[in-house]
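Heads up, the thing below is written out as structure tokens.
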Amino acid sequence: MIASKFSRNAMWAVGALIAGGLLMMTRHTPDLSALYETNYGMLLTTKIVLLFGLLCFAAANLSTTRKLWRASSAPIRRLLRFAEVEVGLGLVTLFCAAALASASLPIEGGAERTSLTEITARFAPRWPSFHSPAYAELSAAQSVSSVAEPGTSSPLSPADIAWAEMNHHLAGVFVVLMGVFALLERHRRTAPVVRHWPLLFLLLGGILVIRADETAWPLGPIGFFESLRDPQIVQHKVITILIATFAIFEWQVRRGRFKSDWPAFVFPITTGAAAAFLLTHYGHTEGADEVLIAISHTPIALLGVVSASARWLEIRLSDSVAGRIGGYVWPVAFMLSGVLLLLYREQ
């Protein structure tokens, strides 16, 4: 009776939250195009997608709960594991909501917005480029300035754009390969060779340390500690640390070097944290170009959330259908993320 009453009250509460969210959306977004043409709209759309994911898990748990009402001997394990994923999705949603609160509202006129024409032109499929300009050609190499004040930015040169695109395209190759090797690892013949795929992530982290922030150490004129004044650089470094942590722990997990189970959870935790950072990476900037960059990063971040959730279920429900499905879902999500990185453009 207690569980039944709580469930009904919870459904009413969720309905009230959704109704309130819809009311706020109609007041703060002048038209539907603002949902994908502004940073506020992108964050709001992301929050809606995350909420949909939460509702899907909630519906599955409701089905399990009803089985428990009919037969107390029904297994409760899946209910608990799905609830764990719900907690993770909820934390990412709260992270997104915090960034949403700091974004300029489209109705205030202060939020820069792009257009559907610009979005279509930016994301028209093109072959990735693996040509990187020499560092001497970059604006950072020709400047001796310190970290810019928050909210300010200098125009990017063609060399700067090519450098950034190369970073994303190279990362795309690594991520696609990791997804492919992770799937091949599920086959007994290829597992001994491809189980070392996390080392690709470690190599990617090393490349990002050097190339991610060309204005800062080790390539740029800005020192390491001085660069920590820039929130964007700090986020890059945090994501790089998460990548390296993921690679080291997951490699040892694949090799069976840990006696305890907790190191396996480093994968979903670091992946979910990196996805949360990526979702809000451009939430503090309102330039039209940054909106386009946010549009390209958001689906990659959402795929990261899918990967983290699927891997968590694979670990926690390894002997069930949901766990086995999760074991196939996250490598595919990796490959899709890599493809999106290969299609990344900044011009």
Side-chain angles (χ1 to χ4, degrees), residues 46-47 49-54 56-57 60 81-82 84-93 95-96 168 171-186 194-205 208 238-254 262-281 296-318 320-344:
T46 301
K47 188 178 175 184
V49 172
L50 291 171
L51 177 61
F52 177 76
L54 281 168
C56 288
F57 277 101
R81 303 305 173 240
F82 278 19
E84 292 169 355
V85 175
E86 284 188 79
V87 170
L89 288 175
L91 290 174
V92 176
T93 305
F95 204 86
C96 184
H168 289 80
V173 172
F174 279 95
V175 176
V176 168
L177 286 176
M178 284 185 284
V180 172
F181 289 160
L183 283 178
L184 290 175
E185 188 186 6
R186 305 186 70 85
V194 298
R195 68 176 181 176
H196 302 288
W197 62 263
L199 291 177
L200 290 173
F201 239 172
L202 193 61
L203 179 58
L204 175 59
L208 292 179
V238 169
I239 290 176
T240 302
I241 291 172
L242 291 173
I243 289 174
T245 303
F246 169 103
I248 294 170
F249 276 86
E250 190 63 18
W251 183 43
Q252 299 296 344
V253 168
R254 299 286 161 178
W262 71 263
F265 294 100
V266 172
F267 178 150
I269 291 173
T270 54
T271 303
F277 274 111
L278 192 58
L279 279 173
T280 59
H281 186 43
S296 65
H297 281 72
T298 297
I300 298 173
L302 289 173
L303 285 170
V305 174
V306 171
S307 300
S309 303
R311 175 58 176 156
W312 186 279
L313 291 177
E314 182 189 21
I315 297 169
R316 299 291 274 166
L317 295 172
S318 58
S320 70
V321 175
R324 289 191 289 272
I325 292 175
Y328 284 98
V329 167
W330 69 260
V332 173
F334 266 38
M335 289 187 286
L336 292 175
S337 298
V339 171
L340 291 176
L341 285 167
L342 288 169
L343 297 175
Y344 179 83

Nearest 0.5 angstrom please: [X] [atom1] to [Y] [atom2], how far?
{"X": "Leu204", "Y": "Leu208", "atom1": "CG", "atom2": "CG", "value": "4.5 Å"}
{"X": "Leu317", "Y": "Phe82", "atom1": "CG", "atom2": "CZ", "value": "6.5 Å"}
{"X": "Phe265", "Y": "Trp312", "atom1": "CZ", "atom2": "CH2", "value": "5.0 Å"}
{"X": "Ile239", "Y": "Leu278", "atom1": "CD1", "atom2": "CG", "value": "5.5 Å"}
{"X": "Arg311", "Y": "Thr270", "atom1": "CZ", "atom2": "OG1", "value": "10.5 Å"}
{"X": "Leu279", "Y": "Ile300", "atom1": "CG", "atom2": "CD1", "value": "11.0 Å"}

### Task
For Leu340 and Leu303, run side chain to side chain contact (heavy atoms under 4.5 Å, CB included): C-alpha distance rounded to whole Å, both residues' side-chain angles, the deciding distance at 0.1 Å, then the answer.
CA-CA 10 Å; Leu340 291 176; Leu303 285 170; 3.8 Å; yes
Can you name the nearest heavy-atom pair linking [X] to [Y], along with the distance?
{"X": "Ala333", "Y": "Val306", "answer": "CB-CG1, 4.3 Å"}
{"X": "Leu183", "Y": "Met335", "answer": "CD1-CE, 3.3 Å"}
{"X": "Gly272", "Y": "Val92", "answer": "O-CG2, 4.4 Å"}
{"X": "Gly338", "Y": "Val175", "answer": "N-CG1, 3.8 Å"}
{"X": "Ala301", "Y": "Ala275", "answer": "O-CB, 3.3 Å"}
{"X": "Tyr344", "Y": "Ser296", "answer": "CE1-OG, 3.2 Å"}

Report yes if the side chains of [X] and [Y] come closer than 4.5 Å at any heavy-atom pair, otherwise no.
{"X": "Thr46", "Y": "Leu50", "answer": "yes"}
{"X": "Thr298", "Y": "Val49", "answer": "no"}
{"X": "Thr93", "Y": "Leu51", "answer": "no"}
{"X": "Glu250", "Y": "Met178", "answer": "no"}
{"X": "Phe57", "Y": "Leu89", "answer": "yes"}
{"X": "Glu84", "Y": "Val87", "answer": "no"}
{"X": "Leu242", "Y": "Val238", "answer": "yes"}

### Query
Any idea how Phe267 and Trp330 line up, ring-wise: parallel (<30°), tilted (30 to 60°), or perpendicular (>60°)?
perpendicular
### Summary
The complete set of salt bridge (charged side-chain N to carboxylate O under 4.0 Å, His left out) pairs with one or both residues in residues 171-185, sequence neighbours excluded, reads Glu185-Arg254
### Message
Main chain of Gly327, side chain of Arg186: is a donor-acceptor contact present, judged purely on distance under 3.5 Å?
### Response
yes
## Note on the structure
salt bridge (charged side-chain N to carboxylate O under 4.0 Å, His left out) filter on Arg195, not counting sequence neighbours, yields none
### Task
Answer with yes or no after comparing the ring centroid distance for His196 and Phe181 against a 6.0 Å cut-off, counting only values under it.
no
